[in-house]
Amino acid sequence: MESPTKRKPGRPRNEELAQRRREEILAAAIPLFARLGYRNTDVQQVADAAGVGKGTVYRHFPDKRALFLSAVDLGMQRLQACVDAAAPECGQTPADLRAAMEAGIRAHLTFFDAHPE
């Protein structure tokens, strides 16, 4: 019977490196998905753009759909952070609400101007 604490042979996983590699893969995938679309983007193209092997992409993302959804999620997180940072704290007056809405809309449009992908 095998010990439950027995580790796989090889180098132990470096979580910091794994996170950095995942971010690099996403950074390479985002412009490809934006330019080519989901259907026309191949995982091998993403791997080539990231400077890694195709297997490395699949080590971090089980399939192209998961890679795409992670890219979209990252974009939405960045958009939300941008809008949150730009919109002032809302008061209760109509002028306060209007100012917050205007700042949020401006931040939204500015974000997409700076990040068309």
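The residues of the chain are indexed from 1 along the displayed sequence. The analysis underlying the following values was restricted to heavy atoms, covering all of them including side chains, and did not include hydrogens, waters or symmetry mates.
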Do the ring planes of Phe33 and Tyr38 sit parallel (below 30°), tilted (30 to 60°) or perpendicular (above 60°)? parallel

Grouping I, L, V, M, F, W and Y whenever their side-chain heavy atoms are under 4.5 Å apart, do Ile105 and Phe112 come out in a common cluster? no

Could you check Arg21 against Glu24 for salt bridge (charged side-chain N to carboxylate O under 4.0 Å, His left out), going step by step and ending with a plain yes or no? CA-CA 5 Å; Arg21 181 73 69 214; Glu24 290 167 354; 2.7 Å; yes

Between the CD atom in Gln80 and the CZ atom in Phe111, the distance rounded to the nearest 0.5 Å is 10.5 Å

If you compare all heavy atoms of Ala107 against all heavy atoms of Val83, which two are closest, and at what distance to 0.1 Å? CB-CA, 3.9 Å

What distance separates Glu102 CD from Arg98 CZ, expressed to the nearest 0.5 Å? 4.5 Å

State, to 0.1 Å, how close Ala103 and Ala86 come at their nearest heavy-atom pair, and which atoms those are. CB-O, 3.5 Å

Is there a path of hydrophobic side-chain contacts, each under 4.5 Å between heavy atoms of I, L, V, M, F, W or Y residues, that connects Met76 with Phe61? yes

Rounded distance (nearest 0.5 Å) linking atom NZ of Lys54 with atom CG of Asp42: 5.0 Å

Closest heavy-atom pair and its distance - Val46, Ala28: O-CB, 4.0 Å

Could you check Tyr58 against Val43 for side chain to side chain contact (heavy atoms under 4.5 Å, CB included), going step by step and ending with a plain yes or no? CA-CA 9 Å; Tyr58 283 119; Val43 173; 3.5 Å; yes

Quick check for you: to the nearest 0.5 Å, what is the distance between Arg65 atom CZ and Ser70 atom OG? 10.5 Å

Please find the pair of heavy atoms, one from His60 and one from Arg22, that lie closest to each other, and give the distance. O-NH1, 3.3 Å

List the atom of Leu32, the atom of Thr41, and the distance in Å for their closest heavy-atom pair. O-OG1, 3.3 Å

Report the C-alpha separation of Gln45 and Leu36 in whole Å, then their side-chain angles, then the decisive distance to 0.1 Å, and conclude whether the side chain to side chain contact (heavy atoms under 4.5 Å, CB included) test is met. CA-CA 11 Å; Gln45 294 169 305; Leu36 303 173; 3.7 Å; yes

Transitively linked via ILVMFWY side-chain contacts under 4.5 Å: Leu17 with Ile25? no

When rounded to the nearest 0.5 angstrom, what distance separates CG in Asp96 from CE in Met101? 13.0 Å

Hey, could you give me the CG/OG1 distance between Leu79 and Thr110, rounded to the nearest 0.5 Å? 11.0 Å

Could you tell me if Gln19 and Glu15 have a donor-acceptor pair between their side chains, going purely by distance under 3.5 Å? no

So, for Glu117 and Pro31, which heavy atoms are closest and what is the spacing to 0.1 Å? CB-CA, 4.5 Å

